[in-house]
Q: 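One structure is given below, represented as structure tokens, and several questions about it will come after.
Chain naming here is simple, since letters A, B, ... match the order of the sequence lines and numbering starts at 1 in each.
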Amino acid sequence: MSDMMDDMEEGGEGVVKKFMFVNRKAPHGTIYALEGLEVVLISAAFDQDVSMVFVDDGVYELIKGVNTKGIEVKDFSKTYRALEGYDIEKLYVEKASMDARGLTQDDLIVDVTVLDSAEMANLMAEQDVVISY
Amino acid sequence: MKIGIMVSEGPYNHQASDTAYLFARTAIEKGHSVPRVFFYHDGVNNSTKLTQPPQDDRNVVNRWSKLAEDHGVDLVVCVAAGMRRGITDDILAPGFRISGLGQLVEAGIQCDRLVTFGD
Amino acid sequence: MLHIVNKSATERNSLESALRMVTKGSAVLLIEDAVYAATQGSVAAAKIQSAMADVQIYALGPDLDARGMSSRVLDGVKVVDYSGFVDLVTEHNSCQSWL
């Protein structure tokens with residue numbers, strides 16, 4: 001481990017930052033949604049203030065009724081339901097993104113908070129760390 | 001200021017690695033520190049010493065290695081993303097190491113800024 | 001907050017989404033293929049111009065140069081180099097990359 005890393009470890013203890021994970025990609029077409037979810041699950045171990053937001057095609061990640069048998073790929077949509085067990089309960093969806101895709105909350109596999117674009121903008125602006133895919 | 005970096009795309013196919021490298025190098029030149037660069041998604045492909053670009057092209061992998069050697073930048077390749085893509089310890093270029101996703105979250109906590117470069 | 005956009009506005013909706021979610025006082029930095037949006041005659045130019053009422057728009061000079069677009073930059077868009085990019089990151093309390 002380098003000296004730089006020793007520097008980094010100073011003062012890291014007990015810090016709680018606001019982390020936001022921004023999901024803007026549909027599942028399956030690319031791996032971003034799946035690998036993004038893996039980061040969120042790991043982040044749970046660090047006791048940070050974590051939010052997950054779904055904007056643009058990211059809202060397709062939360063759709064009900066997925067069947068991935070035919071494409072021979074793991075169905076990870078159920079993992080969003082498990083987030084609660086990791087104490088990741090702040091899930092937000094942008095209303096404009098849902099509207100643009102003909103979706104409502106009833107179409108989603110988990111309970112989310114729906115925000116208008118201005119509310120989403122304010123939430124994003126108050127974060128310490130924003131990680132997006 | 002401590003600036004952490006995440007690189008989400010492989011070299012050459014996307015400009016992301018180039019932009020990330022130039023950003024990191026400039027930040028260090030300006031007196032900031034870049035304690036860690038975390039390679040995720042196809043970004044893990046930045047770490048293989050098997051890379052052989054043409055002579056007249058930049059060597060993205062060697063540039064990262066030199067940054068690690070000269071400035072102690074910790075180049076971390078995500079183990080899960082790396083295993084998916086065949087990146088193992090025996091093909092790592094100098095300065096890179098394989099570790100878990102926790103290293104990304106830790107960089108977010110311990111650095112003053114975290115900047116993502118991807119597609 | 002600094003919003004970093006790297007995608008061509010005529011190929012993806014990243015710029016549009018970023019502009020939908022900027023707050024007053026935040027900044028938008030266009031890098032890589034996103035710099036085309038900040039040039040005269042681009043269909044995205046009107047969006048950039050109306051956004052400039054609330055936020056400062058920056059474009060990365062080396063990316064404009066590499067694309068032969070430096071002489072076409074819209075008035076009001078500030079061109080920065082990598083050093084300016086680093087300053088923007090440190091001057092804002094956080095950043096979001098609209099990948």
Q: Check the orientation of B:Tyr21 and B:Trp64. Use parallel for under 30°, tilted for 30 to 60°, and perpendicular for over 60°.
A: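 Rings of B:Tyr21 and B:Trp64: perpendicular, over 60°.
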Q: Among C:Ile31, C:Leu60, C:Asn93, C:Asp87, which has the most heavy-atom pairs under 4.5 Å with chain B?
A: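 Most heavy-atom pairs under 4.5 Å with chain B: C:Asn93.
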Q: In terms of heavy-atom pairs under 4.5 Å with chain B, which of C:Val89, C:Leu2, C:Asp81 leads?
A: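 Sorted descending by pairs with chain B, the first entry is C:Val89.
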Q: Any luck finding a side-chain donor-acceptor pair between B:Glu9 and B:Asn45 under 3.5 Å?
A: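 There is no such pair (donor and acceptor under 3.5 Å, judged by atom type) between the side chains of B:Glu9 and B:Asn45.
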Q: Determine whether C:Leu64 and C:Val73 make a side-chain contact, defined as any pair of heavy atoms from C-beta on separated by less than 4.5 Å.
A: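 C:Leu64 reaches C:Val73 side chain to side chain.
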Q: With a 4.5 angstrom heavy-atom cut-off, is it the side chain or the backbone of C:Asp63 that approaches chain B, or both, or neither?
A: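 For C:Asp63, the side chain is the part near chain B, not the backbone.
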Q: Is B:His14 in contact with chain C via its backbone, its side chain, both, or neither, using a 4.5 Å heavy-atom distance?
A: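 It is neither, since no heavy atom gets under 4.5 Å.
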Q: Are more than 12 heavy atoms, taken from residues, nucleotides or ligands other than C:Asp75, located less than 6.0 Å from that residue's CG atom?
A: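 Counting neighbours around CG of C:Asp75, 12 or fewer heavy atoms of other residues, nucleotides or ligands fall under 6.0 Å, so no.
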Q: Please state whether the side chain, the backbone, both or neither of C:Ile4 comes within less than 4.5 Å of a heavy atom of chain B.
A: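 Only the side chain of C:Ile4 comes within 4.5 Å of chain B.
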Q: Counting neighbours of CD on C:Glu91 that are heavy atoms of other residues, nucleotides or ligands and sit closer than 6.0 Å, is the number greater than 12?
A: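 Buried by this count: over 12 neighbours within 6.0 Å.
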Q: Given heavy-atom pairs under 4.5 angstrom as the criterion, report whether the side chain, backbone, both or neither of B:Ile3 touches chain C.
A: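 Contact with chain C is through the side chain of B:Ile3 alone.
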